[in-house]
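For reference, the structure discussed in these notes is given below.
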Amino acid sequence: MRILAFVFIILFTFACSTKKTGEELAKENCSSCHKFPDPSLLDKKTWNDQVLMDMSYRFGMRNKFELAAKITEEQFQTAVDLNIFPDTPAMSVEDWQAIVDYYVTNAPENPLPQKAKSPISSQTFNFKKEDFLSPSLKQGRVTSIKVHPSKSEAWIGMNTNETVIIDSKLQVNSIIRTPSPNVNTAFIQGKTYLLSIGKTLPNDEKIGELFQVNSGGKLAKLVDGLKRPVDMQVADFNGDGTMDYLLCEYGYQAGQLVWVDGKSKERHLLKSQPGARNVIIKDYSKDGKPDILVLMAEAKEGVSLFINKGLGMFVEKPLLQFESVWGSSFMEVADLNQDGFDDIVISNGDNADNSNTKKAYHGVHLFINDGNNNFKETYFYPAYGATKTLARDFDGDGDLDLAMIAFFSENDKGKNESFLYFQNQGKLQFQVSNLSLPDDARYMAMDAGDFDKDGDIDLLLGNFQFGKPKPGVILTPGLQIRLLRNTIR
């Protein structure tokens, strides 16, 4: 009996000692779809009421049919088809509760504050503000902006399914209609492309389209059946002498990165994951073939380099990996430290998800290239809701300055941060200003270029508004485009 009792004690002790903690369970289960999130990334209430509630459905811990009344029928059916919300639990109730307790216990009571940052001035530098107001639209509805490289005009995509072409005096020259909002105009090798998104709100419907604009503004459809496309580029990926199309299908639950053969129209899947945001095509491997740099802004957020191995075959090399709640919004590529190698600027501030709260890590991040396409963060400027950052030599002094828009800005310290200008002071140090712009718009789109063809670089900001404005914010009726005309020349 003593021997049996001893054996029982040993077995009982072993069983207890192998029981996993909430942290171990979280690392085991949460890392399968994205980078393991530390509890400090969000406050207790956001973890408990939003993120963990959403994850409970994804782990089958709650009845998925409860969601049918909370999301659209299309979103729900897509999730069911992909088995995102399983019928059976992925773990025991005890294990799930251990994960919940781990996050709620270790998360801060309130969102962590931003790190100290250089002050924001109201200096206007060499920019003059001019506004384009619509006589018919009371709210901003701009979905894309592109400054023409050789003409004094800009192409403005609108949520009204119109692409409005305005001249440098902010007068409308012509209008082109697409089946759905144009979210990207591209001028490539003498051709003009428009990317029609389908539906702007989260969805996986295959109704997006790519068009080429021919003479007279007529549209020629090149690719259809796209899942919420947001960016495109053109290159000869398979070396057959014909240009192919690279498309970022952002989607919702089932997005992807694909290239489409320009001859056969055959589609080649590069990455099956929602959130393909924007791409850069360049020969990074120095072998004469076009490679692909892409920002993925959902699930496993990060930057990857797809190395072209020839005949349209690619190998993915992950370069940067971000937190699952980072909210990646845009990738800019430029040689910030002037060493001959492309660096990466990431804007992260997407707050339209299940963790809608202030995030101290939102802002502008500079990752410097060591010359071998390995990147290290060397500069960070906190800015709630950062949406897009562009790098240009706005002041003409030979180095690159930055311009940032923040759709989900907070402006909670008496300074408007929906737009920020970063004048390069050298050695990756910047003087930051909001150019004294009023807090009367929410900028979703931005482009930079010599709009008036006077030799310097101007900025165009696109206003997009929905819902009620924040308390204390007075919107400018009809504001669509805010031109920051550069007067240095």
Side-chain angles (χ1 to χ4, degrees), residues 29-30 32-34 37 41-43 45-91 93 96 99-100 103-104 141 143 159 179-181 183 196-208 225-230 248-257 271-277 296-301 323-329 348-357 359 385 387 407-408 442 444 464-468:
N29 290 279
C30 301
S32 60
C33 296
H34 50 71
L41 292 171
L42 302 169
D43 60 274
K45 182 175 176 57
T46 303
W47 275 120
N48 190 65
D49 296 354
Q50 299 180 45
V51 177
L52 291 170
M53 178 62 71
D54 177 64
M55 295 309 301
S56 67
Y57 291 106
R58 293 174 181 267
F59 282 120
M61 306 308 298
R62 298 176 67 92
N63 186 345
K64 64 184 177 184
F65 292 102
E66 295 176 4
L67 290 171
K70 300 179 181 180
I71 61 179
T72 68
E73 181 180 349
E74 187 276 331
Q75 290 175 347
F76 180 74
Q77 189 57 52
T78 298
V80 170
D81 294 342
L82 294 172
N83 197 33
I84 290 173
F85 307 125
D87 293 318
T88 57
M91 66 188 75
V93 173
W96 171 246
I99 292 176
V100 172
Y103 279 101
V104 175
R141 286 291 181 261
T143 55
N159 203 38
S180 64
V183 293
S196 186
I197 193 172
K199 294 180 180 178
T200 54
L201 293 178
N203 74 93
D204 291 301
E205 295 184 56
K206 300 178 181 179
I207 54 177
L226 300 172
K227 292 178 283 190
R228 205 181 175 204
V230 294
C248 290
E249 297 183 65
Y250 197 100
Y252 176 52
Q253 305 281 13
Q256 58 189 18
L257 178 67
K271 195 173 184 68
S272 179
Q273 177 186 320
R277 176 59 188 91
M296 303 300 298
E298 295 287 342
K300 293 183 178 180
E301 295 192 31
E323 304 292 349
S324 57
V325 294
W326 229 53
S328 300
S329 298
N348 68 309
D350 184 2
N351 224 10
D353 54 21
N354 289 320
S355 60
N356 191 342
T357 185
K359 295 166 182 171
T387 301
F407 185 78
F408 293 101
R442 285 295 172 265
M444 179 73 79
F464 190 97
Q465 297 166 335
F466 62 88
K468 295 181 180 180

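Both backbone and side-chain heavy atoms feed into the values below; hydrogens, waters and symmetry mates do not. Computed from a predicted structure; not experimentally measured.
- The two residues Q50 and N354 come nearest to each other via the heavy atoms CB-O, 2.8 Å.
- More than 12 non-hydrogen atoms from other residues, nucleotides or ligands lie less than 6.0 angstrom from NZ of K64.
- The backbone N or O of Q465 lies less than 3.5 Å from no partner atom in the side chain of R442, so there is not a single donor-acceptor pair.
- Not one N or O on the side chain of D204 forms a donor-acceptor pair closer than 3.5 Å with the backbone of Q75.
- E298 and Y252 share no side-chain donor-acceptor pair at under 3.5 Å.
- Checking side-chain atoms of T46 against main-chain N and O of S355 turns up no donor-acceptor pair under 3.5 Å.
- Judged purely by distance below 3.5 Å, without hydrogens or angles, the side chains of D81 and Q77 pair a donor atom with an acceptor atom.
- At least one donor-acceptor pair closer than 3.5 Å links the side chain of Q273 to the backbone N or O of K300.
- For N348 (side chain) and W326 (main-chain N/O), a donor-acceptor pair under 3.5 Å exists by modelled atom type.
- The nearest pair of heavy atoms linking F408 to G349 is CD1-O, 3.5 Å.
- Between the side chains of S328 and E301, at least one donor N or O sits under 3.5 Å from an acceptor N or O.
- Between I84 and P86, the shortest heavy-atom contact is O-CD, 3.2 Å.
- Pairing each heavy atom of S180 with each of G198, the nearest pair is OG-N, 2.7 Å.
- Between the side chain of R228 and the main chain of I197, no donor-acceptor pair closer than 3.5 Å is present.
- Using cut-offs of 30° and 60° on the angle between ring planes, the pair F85 and F76 is parallel.
- Remark: side-chain polar atoms of Y103 are paired, donor with acceptor, to backbone N or O of P37 under 3.5 angstrom.
- Contact record, M61 with A90: SD-N, 4.3 Å, taken as the closest heavy-atom pair.
- Counting only distance, with no hydrogens or angles, the side chain of R141 and the backbone of F464 share no donor-acceptor pair below 3.5 Å.
- Counting only distance, with no hydrogens or angles, the side chain of K227 and the backbone of A254 share a donor-acceptor pair below 3.5 Å.
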